[in-house]
Amino acid sequence: RRGHSDPASVFQALRSVFARASAELFAELGIHPLREEIRTTREQMVRSWFSTGLRGVMEGFFTSARSRLARSQAKTDEIAGMVSAMYRKFSTEHGMMLAAPMKFSLARYANEVVRVEGVYHDRFGLVTIFSNDQLVLTQKFFESIASRVRETFEAANRDVEAWLKAVMAPLEGQIREHQSQLRRRIESIKHIQDTSETLEERLDETSSRVAEIAELLRRPPPISGNRA
């Protein structure tokens with residue numbers, strides 16, 4: 001349509017922006033950054049003998065985990081808004097029937113981290129550590145809660161990956177169908193052109209034959225000799 005951009009080109013631009021936003025999302029929500037956070041926390045705990053120091057380190061771990069989830073939620077909201085805007089653009093400019101993409105909530109994963117943090121506070125929030133045995137016990141407890149937080153992030157990653165695929169799938173399907181229709185139209189036009197060229201060739205051939213016949217008709221008949 002005149003004045004409207006090519007949908008395939010716009011879609012490729014969207015895919016580029018979408019991929020960049022997805023990478024930024026997993027920079028916050030990804031398992032590798034969380035594992036680094038757990039490793040750093042573990043090292044800090046070894047250097048922190050006093051209970052106040054340990055509590056600060058462990059609380060810092062939970063604060064970081066909650067902050068990662070909050071930033072991840074903001075990024076998923078941004079992605080959903082971006083895709084919604086593109087859906088509206090394709091619907092308006094190219095007549096594609098696209099329902100608004102569903103949003104994704106990380107609330108249940110954030111609630112699980114808060115629950116695990118509550119377990120930590122209930123069991124070790126007020127414990128004063130004076131011996132190596134108590135330190136080892138606290139470190140083992142941290143490993144168990146860190147494992148639970150990691151499992152929560154892994155579940156969030158799986159669900160986010162599925163959501164990212166789901167929000168793009170309808171548009172990808174519409175673009176493929178649009179391109180398929182364009183190919184069929186091009187093939188149809190080519191067929192019409194080929195047929196027209198063949199018809200023109202036949203008309204030219206017929207015209208030539210008609211001209212030859214007309215020329216023969218214009219010629220006087222041959223004069224035969226006198227008979228004996």
Side-chain angles (χ1 to χ4, degrees), residues 11-86 101-125 129 135-172:
F11 178 70
Q12 289 303 319
L14 170 63
R15 285 296 299 267
S16 178
V17 176
F18 183 82
R20 185 165 58 251
S22 298
E24 292 172 357
L25 169 60
F26 286 113
E28 294 290 351
L29 190 64
I31 299 303
H32 180 70
L34 178 66
R35 286 174 177 167
E36 286 298 308
E37 188 81 29
I38 293 173
R39 182 187 62 79
T40 301
T41 303
R42 189 183 297 119
E43 292 174 353
Q44 291 175 345
M45 289 180 66
V46 172
R47 295 194 296 266
S48 300
W49 272 83
F50 297 103
S51 56
T52 55
L54 282 174
R55 280 198 294 270
V57 171
M58 295 179 71
E59 289 173 1
F61 169 74
F62 284 111
T63 299
S64 176
R66 285 187 277 104
S67 296
R68 286 182 184 277
L69 287 170
R71 291 192 295 269
S72 298
Q73 182 65 71
K75 183 58 66 173
T76 59
D77 292 342
E78 176 186 328
I79 292 173
M82 175 186 67
V83 175
S84 294
M86 293 307 301
M102 58 183 176
K103 292 186 176 182
F104 185 82
S105 175
L106 288 164
R108 60 173 173 158
Y109 310 102
N111 290 339
E112 177 60 16
V113 171
V114 171
R115 186 193 69 79
V116 175
E117 184 177 9
V119 173
Y120 153 71
H121 283 293
D122 289 343
R123 296 187 182 181
F124 283 88
I129 298 174
L135 176 61
V136 170
L137 181 62
T138 302
Q139 289 173 333
K140 287 183 178 180
F141 178 70
F142 170 74
E143 294 299 331
S144 67
I145 61 176
S147 176
R148 181 55 194 155
V149 171
R150 184 173 58 249
E151 290 172 358
T152 301
F153 270 68
E154 288 172 348
N157 272 260
R158 288 192 299 270
D159 290 347
V160 165
E161 287 178 357
W163 174 74
L164 290 172
K165 292 178 181 178
V167 296
M168 289 297 288
L171 186 53
E172 288 176 340

task: Not counting sequence neighbours, which residues clear side-chain hydrogen bond (donor to acceptor under 3.5 Å, both in side chains) with Thr152? List them please.
output: none

- line: Quick note, ring pair (Phe, Tyr, Trp, His ring centres under 6.0 Å) partners involving residues 19-46, not counting sequence neighbours, are none

Approximate separation, where rounding is to 0.5 Å, of [X] [atom1] and [Y] [atom2]:
| X | Y | atom1 | atom2 | answer |
| --- | --- | --- | --- | --- |
| Met168 | Ser22 | CE | OG | 8.5 Å |
| Ser105 | Asn111 | OG | CG | 8.5 Å |
| Ser72 | Leu106 | OG | CG | 6.0 Å |

Can you find a heavy atom in the side chain of [X] that is under 4.5 Å from one in the side chain of [Y]?
| X | Y | result |
| --- | --- | --- |
| Phe153 | Leu69 | yes |
| Arg148 | Arg115 | yes |
| Arg20 | Ser16 | yes |
| Glu59 | His121 | yes |
| Ile145 | Met58 | yes |
| Leu29 | Arg68 | no |
| Tyr120 | Asp122 | no |
| Lys103 | Ile79 | no |

- request: Go through the steps to decide whether Phe141 and Val119 satisfy the test side-chain contact (heavy atoms from CB on, under 4.5 Å), and finish with yes or no.
  value: CA-CA 10 Å; Phe141 178 70; Val119 173; 4.2 Å; yes

message: Does Phe142 form a side-chain contact (heavy atoms from CB on, under 4.5 Å) with Ile38? I'd like the steps, not just the answer.
response: CA-CA 9 Å; Phe142 170 74; Ile38 293 173; 4.2 Å; yes

- prompt: Are Arg39 and Glu36 close enough for a salt bridge, meaning some N to O gap below 4.0 Å?
  reply: yes

query: Judged by modelled atom types alone, do Gln73 and Asp77 share a side-chain donor-acceptor pair under 3.5 Å?
result: yes

So which heavy atom on [X] is nearest to which on [Y], and how close?
| X | Y | answer |
| --- | --- | --- |
| Val149 | Leu34 | O-CD2, 4.1 Å |
| Val167 | Met102 | CG1-O, 3.9 Å |
| Pro33 | Ala27 | CG-O, 3.4 Å |
| Val113 | Ala65 | CG1-CB, 4.2 Å |

message: For Gly60, is there any backbone N or O sitting under 3.5 Å from a side-chain donor or acceptor partner on Ser64?
response: no

- prompt: Is it true that a side-chain atom of Trp163 and a backbone atom of Arg158 form a donor plus acceptor pair closer than 3.5 Å?
  reply: no

message: The test is salt bridge (charged side-chain N to carboxylate O under 4.0 Å, His left out); show your working for Lys75 and Glu78 and say whether it passes.
response: CA-CA 5 Å; Lys75 183 58 66 173; Glu78 176 186 328; 3.1 Å; yes

